[in-house]
Each structure stands twice: as structure tokens, then as C-alpha cells.
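Treat the numbers as computed from the prediction; the structure is a model and nothing was measured. Just so it is clear: chains get the letters A, B, ... in the order the sequence lines come, proteins before strands, and each one is counted from 1.
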Amino acid sequence: MKESGFSEKHLDVLKEIANIGAGHAATALSQLLNKPMDMNVPSVEFVPFEEMNDRLGEEEAVVAAAFLHVNGDAPGSLFFILPAEDATTLVQELTLNEEDTLHTPPYSDMAVSAFNEVGNILAGSYLSALTAFTDLKLYPSPPQTAVDLAMAIVSHGLIAHSEHSDYALVIDTKISEKSHVPIKGINGHFFFLPNPESFKPLLHSLGVQLDG
Amino acid sequence: MDNIVKVTMADLKMAEPPNKIRTMGLGSCVGIILYDEKSHLCGMAHIMLPSSKLSKQGTLNRAKYADTAIEDLLLNLKKKQAPLFRLKAKMAGGAQMFTFASSSEAMRIGPRNIEAVRTELKTRNIPLISEDVGGGNGRTIEFDPKTCLLEVRTVNKEVKTI
């Protein structure tokens, strides 16, 4: 994506930093749930809008997502996304109440509020790690949770991009329970979509020389 | 089996029976269908923004904006020899799933998209036969050019046919 000013090298550096942020967020989540959680950054890349749907997993899958605005030097959108069932598992592990569900409505206030709080904690630890490394000031807004199709939710974060381009810079973080064998449990994603106006400050802060 | 033509975000495609045409996960975006009941020709656009004037891009992706997408739907239907005077429209989408207090105009994009489509259709004298818009839920829509019915799926709600 030449017009954005990013090269492969830039994306690699960004991935390194995001991985550190993911590590911090994983620690916070593990403490919260009292079990080991894994978070890593499988990809940092420019994703065309038409491919976005494929990146978000199963087309028709219903997800719970906490959406936060990132304000400050590199504004953007943050999404903490889990399949609705996994989100319910997560919430119930926190509230210890089987009536708290994000799977079928009505969603209890407690479930939504617990999910928001997890989003808040993840975003906070992720962004503070990014801040420490880039010297950019990044502040998360209070989160809002919606349960819907992933694409419908994430499209709200793409509006900021859509006036500029037909792709978005997607910093994907995979979240899973730490285990030697694949287990059913909490498996989700954490997406950071920096707005186009953040590309310059991001590149600058990465300390990589701009090509051209 | 019938094929389904898939329209992605900021995309525009045409369909004819026995095929159907579908777009997934409309949030604040709007799905617009222009169709002719007699020839069963139709086209669908998945727009993201109300006006191409908002574009800050060098090259314009015309399917992304209400005004240019409707223009292109008309052009494509004309190419297929659909009689433009007989065209009708349906639309769905334009939800507002998040309501941030400090929200910028960008967060109100759903209602703005709906309004833009209505205005565009009106100025072109294309009757809007039915719509399922607004609210706080995402939608997946599928249009059958044979029956001219639009199926609207909303998470946790019954399928609506409009």
C-alpha cells in the first residue's frame, strides 16, 4: 500500500510493538480470569474492505464486541470480539451467574457491563504498552458492547477510513486460552484500526525512515 | 442449485434469475436494490457514505457512495436494456449500533446514508417500494429478482420479507 507510506518493514515494527501490547493485555486478562490466556499478533496488514468479512471469521457468526475509540496522537478504533457463546462463557466466569448471557437476548445489564469492563482492561493495558514504546499519547474511550454480525459491527470503525481509501490498516490480535491441546473456551480477537490520519504519527513514532 | 451473487462492502453487482443477490453485515451501511419487475433485471449496491463529495481519494470507488452508486446502478441496468422509467427500488440498513456521547458526525452515518438514498431516488423519480432501515441491529439482505422480494435477516429476530 504505497500511498499510505508504509513498507513491509514498517508493518514488521508495528507488529513487534503490537505484540508487546498484546502480551500486556494477556497478563491483565489472565489475572482477571485467573487462568493463563494467550494473546499474539498474527498479522498487521492493509486489508481491502471486500476482504474484511473473511478476516472476521464465519460470515453469519454472531459475535459480542466491545468497541472503543482511541483518542490522542493516533486516533482509531479498537474492537474486542468474541463469538457470542465465548463471550457468555467469559462473562459468567466473572459474574458467576448463569443468567448473565450475551448469547440470546435479553442481555443482562451485568453481562454487558462485565464485557465492557474486560474490553476496558484489555484496551488500557494494550494501549499503555503501545504508548510506552511509541511515545504517542493514546487514550481509550469508554467501551460500548453490541451483539451482532462481526462485519456490521466493524463497519462502524471503517467509516473513518472510507473517505480516504478502500482498505484499512488492521492490527489483529488473537486471544485464546493457553493449552497444549485445542480446547473450546474463550477464543477471540482484538482489532486495532488506526485512522488514516494516524499513519504519519505512527510511522514517525516507529522511528523508521519514511521511504520517499 | 441457484447461485447467489455476493456484494461486498463498497461494491456493486447485477443479477438475473435464477440467481439471487446478497450482501452481508450491513451496519451503518445501506444496501440499495434497483429492479425491473418485468425483465427481472436487478442490481445491488452496498454503500458506506452518503455522498461522493466526501471522498478524499484520488480515484473514486463509485460503489461506496449513495449518489454515484445509484448512478452506476442505473447505467448498468440501461446497458442491459432495462427500461429506466419502470425501475423500482428497495433498501435496508443504516443502523446505528453505537451511541457514543462524544460522537462525531461520522457516528451518525447510518441515518445520513438513509436520507441520501431517499433523496437520490426522489430526484431520479425512482419509487422506493419498501425499506427496513435504522434501528440498532445489523442486517443481511438477499434479493430475488424473480419475485422482487427482499429478505432481511437481523440477529436474534425473525426474517422479514419486504
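In the displayed structure, A:Asp135 atom CG is contacted under 6.0 Å by at most 12 heavy atoms of other residues, nucleotides or ligands.
At a 4.5 Å heavy-atom cutoff, the contact between A:Ile153 and chain B is made by backbone and side-chain atoms alike. The contact between B:Leu54 and chain A is made by backbone and side chain atoms together, counting heavy-atom distances below 4.5 Å. Heavy-atom distances place no part of A:His161 under 4.5 Å from chain B, backbone and side chain included.
Under the side-chain contact (heavy atoms from CB on, under 4.5 Å) criterion, B:Asp11 pairs with B:Val7, B:Thr8, B:Lys13, not counting sequence neighbours.
Residues B:Ser28 and A:Ser155 approach most closely at N-OG, 4.0 Å, considering heavy atoms. The minimum heavy-atom distance between A:Ala152 and B:Gly138, with the atom names listed, is CB-CA, 3.8 Å.
Annotation: the span from B:Ile109 atom CD1 to A:Ile159 atom CD1 amounts to 5.5 Å, rounded to 0.5 Å. The distance from the OG1 atom of A:Thr145 to the CZ atom of B:Phe98 is 7.5 Å, given to the nearest 0.5 Å.
Within the 3.5 Å criterion, the main-chain N or O of B:Asn137 finds no donor-acceptor partner in the side chain of A:Asp148. Counting only distance, with no hydrogens or angles, the side chain of B:Lys64 and the backbone of A:Ser165 share a donor-acceptor pair below 3.5 Å.
In terms of non-hydrogen atom pairs under 4.5 Å with chain A, the most contact-rich of B:Arg153, B:Met48, B:Lys6 is B:Met48.
A 4.5 Å side-chain heavy-atom check between B:Met97 and A:Phe67 finds every atom pair outside the cut-off. Residues A:Met151 and B:Met9 have side chains in contact (heavy-atom distance under 4.5 Å, counting atoms from C-beta outward).
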